[in-house]
2 protein chains.
Amino acid sequence: MAKYVYFFGGGKADGKAEMKKLLGGKGANLAEMTNLGIPVPAGYTISTEVCNCYQKNHSYPEGLEGELVENLKKLEEASGKKLGDSQNPLLVSVRSGAAFSMPGMMDTVLNLGLNGQTIEGLIKSTNNERFSYDAYRRFVQMFSNVVLGIEHSKFEEILQKKKDAKGVKADTDLDAQDLKGLVQEYKDLVKQEKGIDFPDNPQEQLKRAYTAVFSSWDNERAITYRKLHNIPDDLGTAVNVQMMVFGNMGSDSGTGVAFTRNPSTGEKKFYGEYLLNAQGEDVVAGIRTPEHIDRLKQEMPVVYQQLEEIYQKLELHYRDMQDMEFTIEKGKLFILQTRTGKRTAHSAVKVAVDMVQEGLINKKEAVMRVQPKQIDQLLHPMIDPKAEIRVIAKGLPASPGAAVGKVVFTAKEAQEKGKNEKVILVRMETSPEDIGGMAVAQGILTARGGMTSHAAVVARGMGKCCVAGCESIAVNEKDKEFSVGDLKIKEGNHISLDGSTGRVILGEASLIESDLSNDFTTLMDWADESRTLKIRTNADTPQDACKAREFGAEGIGLCRTEHMFFGKERLPIVREMILAKDKDSRLQALQKLLPMQKDDFKGIFKAMRGLPVTIRLLDPPLHEFLPQSEEGIQETAANIGVSPEELQKKIQSLHEINPMLGHRGCRLGIIYPEITEMQARAIFEAACELAKEEISVTPEIMVPLVSEVKEFNLQKSVIVAVAQKVMDEQKTKLDYLIGTMIEIPRAALTADEIAREAEFFSFGTNDLTQMAFGFSRDDAGKFLPAYVEKGILNDDPFAVLDQRGVGQLVEMAVQKGRSSRADLKIGICGEHGGEPSSVEYCYRIGLNYVSCSPFRVPIARLAAAQAAIRSLPATSHPATQH
Amino acid sequence: MAKYVYFFGGGKADGKAEMKKLLGGKGANLAEMTNLGIPVPAGYTISTEVCNCYQKNHSYPEGLEGELVENLKKLEEASGKKLGDSQNPLLVSVRSGAAFSMPGMMDTVLNLGLNGQTIEGLIKSTNNERFSYDAYRRFVQMFSNVVLGIEHSKFEEILQKKKDAKGVKADTDLDAQDLKGLVQEYKDLVKQEKGIDFPDNPQEQLKRAYTAVFSSWDNERAITYRKLHNIPDDLGTAVNVQMMVFGNMGSDSGTGVAFTRNPSTGEKKFYGEYLLNAQGEDVVAGIRTPEHIDRLKQEMPVVYQQLEEIYQKLELHYRDMQDMEFTIEKGKLFILQTRTGKRTAHSAVKVAVDMVQEGLINKKEAVMRVQPKQIDQLLHPMIDPKAEIRVIAKGLPASPGAAVGKVVFTAKEAQEKGKNEKVILVRMETSPEDIGGMAVAQGILTARGGMTSHAAVVARGMGKCCVAGCESIAVNEKDKEFSVGDLKIKEGNHISLDGSTGRVILGEASLIESDLSNDFTTLMDWADESRTLKIRTNADTPQDACKAREFGAEGIGLCRTEHMFFGKERLPIVREMILAKDKDSRLQALQKLLPMQKDDFKGIFKAMRGLPVTIRLLDPPLHEFLPQSEEGIQETAANIGVSPEELQKKIQSLHEINPMLGHRGCRLGIIYPEITEMQARAIFEAACELAKEEISVTPEIMVPLVSEVKEFNLQKSVIVAVAQKVMDEQKTKLDYLIGTMIEIPRAALTADEIAREAEFFSFGTNDLTQMAFGFSRDDAGKFLPAYVEKGILNDDPFAVLDQRGVGQLVEMAVQKGRSSRADLKIGICGEHGGEPSSVEYCYRIGLNYVSCSPFRVPIARLAAAQAAIRSLPATSHPATQH
């Protein structure tokens, strides 16, 4: 015979943790705790099958009625109370509980069972008339809203009128009589709105409540939510009916929350707070200051000891730090809920390492216990979560950490003032010209641009806090101020940035500095033991390369050569090269750049001694190097000996409408092979000269923006010729690889052809995402946040790789590429290389490495380890921490 | 036993036309003609197998030697001459001949067999010492260059010195003695350069010549060419050794070219020119004016009759108009070559229709005989090919036809002056604001932008000549002039444009007007009989729609609603809508636009009465509608009642770095659903009102720029709700479809998901090409021409659909889309819809229709018919005309 209702209480439950699909998450959990002997308030769960039956037939299955009667009887026995009893009434909560939590569904009705008779019993047993009527009016409001569908605001209006009439402000200023009056007024509202009397029969209340839960499964919001999150419609929800317990029944009652270990520090010590004669919401409301849990030991030693036993049992059972809610009703302890405790990064690392040392979990499990994203907290300063702050705007969390400083509006000012004081650079958007200023600023705030905008990428590379694409600020560089609504922030005013959340804060927020513990090192070592995916870094300077090695990078996956071009002494020569009238003058300028580039490469090769270094040839459109300001044009014109008008014309002729899709990448090298030649020569001369110092270097030269194998072939032939020439000149033999970025959809589509010629692939997922979606990273700020908000996209695809769409191109390129060249080395160097879910994806589809900015290397190491552990056979696969 | 050498001569040949792979194109052709009894100069072909053997082993196969001796003997017999004979020497040509013609390979050595002895025989038989020595020195030069590898320029230097010494300018001013001297000097050069004597032994000359041909198969240029054109390396080339015949052996000799029908008019009359006592190059050099072929009838009646018999035989055999080269040597007629004759569009149509009426070919064959691209010649005026013109620049052939007019630099001037005189609008690039000016101009010339730039697309839509992306012109709008190098063209100066070739011509070129014959109509009717692919048109106005119907369009595949927004009385309202401060003011502006849009749609629906009309919702970024000039900003600011500064700020805030990838397409409708609502209402109200007039309309509403099915769903729900509301209001029931553009790679990748919701797909291959390649159509002018020139790409992918790359996305979307919805209607509305090879592709992959600009509809009809015919089983498949 079918079973529809599952009882829990009195130390025994019909269900268990594994029955999540049938009982919902909440129901399965309550059953599990009950079976452990934890004193959970008794109750029963009506299974998801009932929901599905109701959805299909709009009626309940045969046999349900009988089971419900029987289970209510058991509940009354367990609680020693009776539903509808005027002396000792049983009050229950009715809650929905699906396998996934799902907004849009009916959620909770508390204090169900109250009516004109039972209220008397409640007053008697609590000895608190005000509380009882407050519970009653809340019940009427909640039931009327979620079960009968009357707008919440209508009840709030009545409440407000009552307060106005009494001339008070807070709800707490209303006394028992006021609240009693409210109950009646609420009931009148129900009559008026729905033409019915508020149901006073507790049985009827109960039936209407669980029917409302089941009906809400198919309301519009819930359906939309499921559609957006790909949750099947036939999953259904369960309903939990559970006895109410009250912590405000006198001084032998109370309520509290406790953690089995310290959630801030990870210290292994029971930690929590409580209030006697209080309800949970009193703790939250902050009207009374809660006591430290230690004090309970003296006040209620028996309960405390029971709590201690329970927390130890729970931690042992769940093998993780727990966060419990408890209520003491007349000296009797009830555990309302236990769940894995949220914790700081610091605490997460310590708890994980400690638990291994205690023998509670193994190393692999420890590795799974820290969320890779949390590591940012350890590497960067953070806004003190306890500080009072005034958030004035929110942008994209483009580069984690926090910063405080005085506002400046140009890179030049940043460089001038940044020497002596802390500054925050605020720009409409940044360009390569701003790099100097970004380097000295504490943090960067831009009004435009997405997660892979120039500001975001450069800031992450520098490990510097950045809030990008903050569209609600209006930057006025001329008047040296920016505004948010009516608020104006002038140059020199203080602001603070939280690059981990995107918050812009007025004034100086207090910061918590970063701090790497020994435990962290231990945990990362354990991570490396499980990891197979290699982690490289994106680094353009010897400094970045060193930093990344410290963080555990195993090579450079992307060395962008253009950033070198922006050096103070180089930019004029680069401009000379770009503005050259003919090939000869261009060659002359390139000749001057050659020794500089060679020095750059030598520095980086030395820093990475022995590790692979992938160098990307010049990528950005040439106009990015040209001056934009009047002043800059004057200066450059004088430098190269033409009139400013003529220079302006040339700049105009290089202007592009869509530079992202313009003359850049290998398209430059194809039109100007002499640029490729110079860069190749710089690389090979650097490598040869180091080889003579017995520093081994294996350069990997990467041709960017290939869309067609013939482009690659032309560039490859130029590079090979230079390599041969340099090796002959230097009488040295070098190993080297020539490969390409896969960053254009067509390159992925024709990867089999390209792999016949290219020795490695590196996915440039920033550009691949831009082109696969048709989203400009610089302009998507106008709609992308709304897309994520409306659920059109689950994540910003520039932050989290879009596996369903862009991923198809990536997988196609891997499969096609390896079909032509079985040992093709494949990595990723887009910003996704440091994002945990994307790292896991890269592992799963068989890439050889991911490459990310130095400060994300530890995140990638951990994420790669977790991916490897998660892919182990189920028996050896420890549960993931969420 | 293997056979390596194939003889032809004396009315019989070892080979035949089908042996192209073994004998190369030329060899197979010569054999075929010989077998037909055509008097071809005798010779033999050394097969491609010999080439492959030589490449592999660097030696010739066993048995070849014997065959060569035997065939040479046969050739001597056939010619009545002997190789190396001092009385009557056999001279031969040695030519390479692969299955495909291939630049970079050794091509031809003429007059082989000459030396100190045989020259005497030649002088005697020609009775022309000057000619003989000229033949000799040419042979030495050709042989030394192509066989021995001595640079051509070195011989030219010697020749120049000789002329200088004699004080003459033309080669023809040198006499026999001069030429004799040159032969020796050339031979001295060989000695000096190569340290060898010039080979005088004709046998050795012959062996070295064919070995040079075989070796050239593997020279670098040939390898590169094959790589670029995907020609297999093991195809090999054949070598043709053929006796020389001379038309300059006296007044009983001559040479000429003839067509079996008139290549200009198509008239069925033998047509040609000849010169007596002359060589082929005399005809080409134009020193003597050739005679009309009719005159030969009187001068050499026997030969003429023979020629007539041959041309009739050839036309009957090849079943197409032939272009023959002939030489008469001492009264004996030789046919050197016959090939399908090139012809004008006019001639092509007439010849095809005539040949059906003559019973020579069937209708399907006739349809195959006209190149779809040629039809442009019939629909548009052309530059008279005989006119003398001065081409000053070359841009992209963006919209066919030709135009003459005075230069103007702004749309406003075009509108003012264009009423009274013919003007050509010259712009840096055009924007939607220029449409009025473009409409009155004869033609449009832009310095920027590709084959799908605004200027190109709009001009094609108008059937107006356009040369786009002419990067070599510098447009100075301020000073009202443009320059090409040092040449300045001022406002009011005349220029002419050739939109079919991209030529910009100084002054007024004479034009040939377009002319559609009855034959054309007949041919198009035959095409439609074979065609299954539907042809629709891209049309935004009732006028365009009518024009397209005249040309045979079967519906509208793309009606762009934004062009309607640029009307004089609308633009201010559109701007009001864009600049609205809140939703209410935006709704007010939209309310004003509604009746205007409704009228637009009614006009178009009426014009297309009964045929399907696909309407695309608003697509371009909103900033395209905003004023750019100081003046426009002032005016608009006054209109909407804000300060110019404030308006400037708003414009600035809408600015995008990469508008192509920015806030446009359905991204607009998602952020501002009220725009979609207004457009949907305009469509449905228009359709409902017409339904009441018994004009049936089935609107197909197209959501642009979808990258994710959830975007489509949101827009679909808005449209469906409006449709329901309007139908309720109007008490009318309508059939309608909601579908989407597939123009973003991710849409193609997730087409299965999208097709579950969308009722039709239309490929926007312009944008799909942009994003798949990462090429901005507006900026690719900086590198795309070089790409095509270098052979990186065979064609401009904006003109000819890239089947290898972009095509993968198209096919993927077709397959995935139909896997979700078997009856999904699929078309293409990108500019490729009117390009013949792309139309054929669309047919092959199973699209339902292509849609193109009105003037390309006939091209698409013909191309679609040819595609259908080509796909028939081989037996019923007439050969394609190339």
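Numbered from 1 within each chain, the chains take letters A, B, ... in sequence-line order.
Ranked by non-hydrogen atom pairs under 4.5 Å with chain A, the options B:R804, B:E711, B:E471, B:E743 are led by B:R804. Top candidate by heavy-atom pairs under 4.5 Å with chain A, chosen from B:G805, B:G774, B:G665, is B:G774. Ranking B:P621, B:A447, B:P659 against chain A, the residue ahead of the rest is B:P659, based on heavy-atom pairs under 4.5 Å. Per-residue heavy-atom pair counts under 4.5 Å with chain A were compared for B:I744, B:D778, B:I657, and the maximum is reached by B:I657.
Of all the heavy atoms in A:F773 and B:R667, the pair that sits closest is O-NH2, 3.0 Å. The two atoms that bring A:K710 and B:I792 nearest to each other are CD-O, 3.5 Å, heavy atoms only. In this structure, A:H655 and B:K782 approach most closely via the heavy-atom pair O-NZ, 3.6 Å. Heavy atoms only, all atoms of each residue included: B:R448 and A:S653 are closest at NH2-CA, 3.5 Å.
With contacts defined as side-chain heavy-atom distances shorter than 4.5 Å, the pair A:L668/B:F783 does not qualify. Contact annotation: the side chain of B:L661 never approaches that of A:N658 to less than 4.5 Å [non-hydrogen atoms, C-beta and beyond]. Looking at A:T750 and B:Q808, their side chains come closer than 4.5 Å, going by heavy atoms from C-beta outward.
For B:R664, no part sits under 4.5 Å from any heavy atom of chain A, backbone or side chain. Heavy atoms closer than 4.5 Å to chain A are found in the side chain of B:E429, but not in its backbone. Contact of B:L793 with chain A is made through the side chain alone, with heavy-atom distances under 4.5 Å. In this structure, chain A has a heavy atom under 4.5 Å from the side chain of B:E708, while its backbone stays farther away. Neither the backbone nor the side chain of B:L784 comes within contact range of chain A, judged by heavy atoms closer than 4.5 Å. Using a 4.5 Å cut-off between heavy atoms, B:D802 contacts chain A through its side chain alone, with no backbone atom that close. Of the two parts of A:L705, neither the backbone nor the side chain holds a non-hydrogen atom closer than 4.5 Å to a non-hydrogen atom of chain B. For B:E753, the part lying under 4.5 angstrom from a heavy atom of chain A is the side chain only. Heavy atoms closer than 4.5 Å to chain A are found in the side chain of B:I671, but not in its backbone.
With sequence neighbours excluded, no residue forms a ring-ring contact (aromatic ring centres under 6.0 Å, His included) with A:F712.
We find the CZ-CZ distance between B:F775 and A:R746 to be 8.0 Å, quoted to the nearest 0.5 Å. To the nearest 0.5 Å, atom CE of residue A:M660 and atom CG of residue B:D779 are 11.5 Å apart. One distance of note links OG of B:S776 with NE2 of A:H663; it measures 12.5 Å at 0.5 Å rounding.
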